[in-house]
Amino acid sequence: AIMRSLPRELRMRLMLELFADMMRLVPVFVSCNAQTQREICNRMRSYNCTEGNDITKEGEIATHLYVVRLGSVRVTRKDEELAILARGEMFGENAVFSWSCDGKRTRSVTALTMCDLCVLSAEDVDDLLIQYNSFYFGVRRIIDAHSARLRNVIANGQPVSTADLYMIDWKGCAEKI
């Protein structure tokens with residue numbers, strides 16, 4: 001409530017300071033220009049949860065995209081562990097980016113430790129993709145790198161893992177760009 005009462009420019013500077021570490025750490029955000037980073041920070045919120053807390057559940061309608069700021073989370077699909085994510089790693093993107101067939105979550109995520117998560121609403125992600133080219137192209141470059149890696153796996157006759165089908169390694173793909 002206090003933040004909303006501040007003048008917009010002051011609020012945006014404070015939010016940028018609050019989430020500056022994420023702008024330097026998360027590959028999609030790193031690739032954005034300063035104006036886009038300010039807008040991402042202005043829209044971002046912090047969410048805290050305790051160990052064992054179910055953050056997302058497979059099959060639910062997606063409302064948010066998450067980035068782990070502190071702590072770690074377990075990602076599962078049909079009770080199969082796909083990954084453990086930690087600082088700077090993103091989840092919730094499949095349904096938010098409309099990559100799931102029905103707009104529902106394809107994975108469940110549970111806090112392994114106390115977590116501080118950075119959160120963007122699905123509506124804010126849509127707005128950012130439409131209004132800010134550097135965000136759109138940052139997402140697109142990483143998706144293209146992930147798709148190329150999957151094509152290479154298939155071309156080499158290797159099996160595609162469940163994790164590869166349902167998750168993007170945002171950091172790993174960004175490093176190859």
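In the hydrophobic cluster analysis, where Ile, Leu, Val, Met, Phe, Trp and Tyr join through side-chain heavy atoms closer than 4.5 angstrom, Tyr47 is grouped together with Val68. When the side chains of ILVMFWY residues are joined at heavy-atom separations under 4.5 Å, either directly or via intervening members, Ile168 and Met90 end up in a single hydrophobic cluster. By the criterion of side-chain heavy atoms lying less than 4.5 angstrom apart, applied directly or through intervening Ile, Leu, Val, Met, Phe, Trp or Tyr residues, Ile143 is not grouped with Leu165; the two fall into different hydrophobic clusters. Grouping the Ile, Leu, Val, Met, Phe, Trp and Tyr side chains by contacts below 4.5 angstrom, directly or via other members, places Leu25 apart from Val119. The same ILVMFWY cluster, assembled from side-chain heavy atoms under 4.5 Å apart, contains both Tyr132 and Met22.
Contact between Ile55 and Ala111 at its shortest, heavy atoms only, is CD1-N, 3.9 Å. Closest of all the heavy-atom pairs between Cys115 and Ser72 is SG-O, 3.4 Å. Contact detail for Val26 and Gly88: the closest heavy-atom pair is CG2-O, 3.7 Å. For the pair His146 and Asp169, the tightest heavy-atom approach, listed with the atom from each and the gap, is ND1-N, 4.5 Å. Heavy atoms only, all atoms of each residue included: Gly92 and Leu65 are closest at C-CD1, 4.2 Å. In terms of heavy-atom proximity, Val28 sits nearest to Cys32 at O-SG, 3.3 Å.
Inter-residue side-chain proximity for Cys41 and Leu18 is flagged as unmet; no heavy-atom pair is nearer than 4.5 Å. Between Asn42 and Arg38, the closest side-chain pair of non-hydrogen atoms is not below 4.5 Å. Contact annotation: the side chain of Leu128 approaches that of Leu120 to within less than 4.5 Å [non-hydrogen atoms, C-beta and beyond]. Using a 4.5 Å heavy-atom threshold, the side chains of Phe91 and Leu117 count as touching. Residues Val67 and Phe19 fail the side-chain proximity criterion, which asks for heavy atoms closer than 4.5 Å. Here the side chains of Val125 and Glu93 are not in contact, with every heavy-atom distance at 4.5 Å or above.
Here the straight-line distance linking atom CE of Met114 with atom CG of Asn53 works out to 10.0 Å at 0.5 Å rounding. The line from OG1 of Thr162 to CE of Met167 is 11.5 Å long, rounded to the nearest 0.5 Å. In this structure, OG1 on Thr56 lies 13.0 Å from CD1 on Ile61, to the nearest 0.5 angstrom.
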Checking side chain to side chain contact (heavy atoms under 4.5 Å, CB included) for the pair Asp54/Ser108: CA distance, chi angles, key distance, verdict?
CA-CA 8 Å; Asp54 290 326; Ser108 295; over 6 Å; no
Does the pair Met44 and Met15 meet the rule for a side chain to side chain contact (heavy atoms under 4.5 Å, CB included), with working shown?
CA-CA 8 Å; Met44 195 170 273; Met15 296 301 281; 5.6 Å; no
Please assess Leu112 against Val73 for the test side chain to side chain contact (heavy atoms under 4.5 Å, CB included), listing each intermediate value before the final yes or no.
CA-CA 5 Å; Leu112 291 175; Val73 300; 5.7 Å; no
Side chain to side chain contact (heavy atoms under 4.5 Å, CB included) between Arg140 and Asp144, worked out
CA-CA 6 Å; Arg140 179 69 191 261; Asp144 288 347; 3.2 Å; yes
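With 3.5 Å as the limit, one finds no donor-acceptor pair spanning the side chains of Arg107 and Tyr166.
Between the side chain of Thr110 and the backbone N or O of Gly52, no donor-acceptor pair lies under 3.5 Å. Judged purely by atom type and a 3.5 angstrom limit, Arg87 uses its side chain to pair as donor or acceptor with the backbone of Arg69. Distance alone, capped at 3.5 Å, is enough to place a donor-acceptor pair between the Arg77 side chain and the Thr106 backbone. A donor-acceptor distance shorter than 3.5 angstrom exists from the side chain of Asn33 to the backbone of Gln35, with no hydrogens or angles considered. A donor-acceptor pair under 3.5 Å is formed between the side chain of Glu89 and the backbone N or O of Ala86. No donor-acceptor pair closer than 3.5 Å links the side chain of His64 to the backbone N or O of Cys118. Within the 3.5 Å criterion, the main-chain N or O of Arg105 finds no donor-acceptor partner in the side chain of Glu60. In this structure, the side chain of Gln37 engages the main chain of Phe29 through a donor-acceptor pair within 3.5 Å. Under the 3.5 Å distance criterion, the side-chain polar atoms of Thr113 are left unmatched by any main-chain donor or acceptor of Gly71.
More than 12 heavy atoms of other residues, nucleotides or ligands lie within 6.0 Å of CG in Asn156, so this atom counts as buried by the packing criterion. More than 12 heavy atoms of other shown residues, nucleotides or ligands fall within 6.0 angstrom of atom NZ in Lys171. Atom CD of Glu17 has 12 or fewer heavy atoms from other residues, nucleotides or ligands within 6.0 Å.
A salt bridge links Arg43 and Asp127; the closest N-O separation between the charged side-chain nitrogens and carboxylate oxygens is under 4.0 Å.
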